[in-house]
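Below is a structure I'd like to ask you about.
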Amino acid sequence: MELFMHVFERDEASTRWISIAFLQGEDAEEFLELIDEEGPISAIYRLSERDLGDESVEAALANGYVYDTVPAGSTDHTIEPFGSPYALTYSEKYGYVSLLRRYEAQPQPEPAPGGGALLAFERPTRSIAGESRAPTSSAARGSRMGHGVAL
């Protein structure tokens with residue numbers, strides 16, 4: 001009898017993580033106590049108040065606080081609630097708490113030859129101007145009868 005094992009992987013291979021908050025020492029004590037008393041989800045909710053959206057992304061990118069995986073050591077506890085954009089890492093032993101958020105870089109549109117960016121449905125003007133027009137003779141129309149051209 002053969003046994004088959006399925007390995008499930010996340011669809012989010014391109015997801016990266018940005019640092020929202022990193023607290024250590026006295027600054028982390030309040031959150032470590034909160035984790036102990038109410039659980040790590042409560043700490044995630046409280047720390048997520050420090051997430052300033054695009055400003056947090058810009059600060060993380062500027063300071064190099066962007067990671068391919070959630071950074072965690074062997075003594076860390078890592079909580080990544082299902083459906084949440086956040087991950088919490090903490091260590092009672094070393095006295096720190098870290099909140100990270102998923103970050104998916106948006107690809108930048110390629111600039112058009114004239115300088116502006118193209119939207120997904122646009123074509124550069126020169127490709128339209130450079131196209132040759134189909135003959136409009138009655139023979140050409142007859143062979144294309146019933147076929148429309150959609151743009």
Side-chain angles (χ1 to χ4, degrees), residues 1-134 146-151:
M1 172 182 224
E2 269 186 71
L3 295 176
F4 293 98
M5 179 183 254
H6 295 282
V7 177
F8 295 98
E9 295 182 21
R10 291 191 142 186
D11 302 325
E12 304 153 358
S14 64
T15 298
R16 300 182 79 193
W17 295 90
I18 60 165
S19 179
I20 298 299
F22 180 85
L23 305 170
Q24 59 187 4
E26 289 180 17
D27 295 333
E29 286 177 15
E30 172 188 351
F31 290 97
L32 290 170
E33 288 175 16
L34 180 65
I35 291 167
D36 191 42
E37 293 171 9
E38 297 181 25
I41 302 299
S42 293
I44 290 172
Y45 281 121
R46 290 266 310 279
L47 285 167
S48 69
E49 294 171 358
R50 297 174 182 230
D51 188 349
L52 304 175
D54 289 341
E55 190 175 323
S56 293
V57 172
E58 289 173 17
L61 292 172
N63 294 309
Y65 299 129
V66 181
Y67 310 94
D68 292 332
T69 60
V70 174
S74 61
T75 63
D76 291 353
H77 300 278
T78 301
I79 309 299
E80 190 181 331
F82 183 76
S84 172
Y86 297 105
L88 178 74
T89 303
Y90 65 97
S91 173
E92 290 111 358
K93 181 176 181 176
Y94 294 107
Y96 70 83
V97 177
S98 175
L99 183 70
L100 299 113
R101 177 169 46 96
R102 290 183 205 288
Y103 167 69
E104 295 183 33
Q106 301 299 319
Q108 298 296 321
E110 292 185 30
L118 292 177
L119 298 176
F121 58 85
E122 293 181 320
R123 296 189 306 183
T125 309
R126 70 176 178 187
S127 69
I128 295 170
E131 290 178 5
S132 61
R133 303 279 180 211
H147 298 289
V149 177
L151 294 178

Q.
Can you tell me how far apart CG (D51) and CD1 (I18) are? Round to the nearest 0.5 Å.
A. 6.5 Å

**Q.** Short side-chain donor-acceptor distance under 3.5 Å, D76 and Y94
**A.** no

**Q.** Minimum heavy-atom distance I35-A43, with the two atoms named
**A.** CG1-CB, 3.5 Å

Q.
So for atom CZ, which belongs to F22, do other residues, nucleotides or ligands contribute more than 12 heavy atoms lying within a distance under 6.0 Å?
A. yes

Q: Answer yes or no: is there a side-chain heavy-atom contact under 4.5 Å between L100 and P71?
A: yes

**Q.** L88 vs F31 side-chain heavy atoms within contact, under 4.5 Å
**A.** no

Q | Contact summary for S56 and R50, nearest pair of heavy atoms | A | OG-O, 4.0 Å

Q: Give the minimum heavy-atom separation between A28 and G95, together with the two atoms involved.
A: CB-O, 3.6 Å

Q | Spacing of OH belonging to Y96 relative to CG belonging to D27, to within rounding of 0.5 Å | A | 15.5 Å

Q. Can you name the one residue among E29, E30, Q24 that meets side-chain contact (heavy atoms from CB on, under 4.5 Å) with E26?
A. E29

Q.
Using 0.5 Å steps for rounding, measure from the OH atom of Y103 to the CZ atom of R16.
A. 8.0 Å

Q | Which atom of P81 lies closest to which atom of I41, heavy atoms considered | A | CG-CD1, 3.5 Å

Q. Of all heavy-atom pairs between L99 and S48, which one has the smallest distance, and what is that distance?
A. CD2-N, 3.5 Å

Q) Roughly how far apart are D36 CG and Y90 OH, rounded to 0.5 Å? A) 8.5 Å

Q. CG of N63: more than 12 outside heavy atoms within 6.0 angstrom?
A. yes

Q) So, do E80 and W17 sit near enough that their side-chain heavy atoms are less than 4.5 Å apart? A) yes

Q: Answer yes or no: is there a side-chain heavy-atom contact under 4.5 Å between I79 and Y86?
A: no

Q. Once you round to the nearest 0.5 Å, how far does CD1 of I20 lie from CZ of R101?
A. 4.5 Å

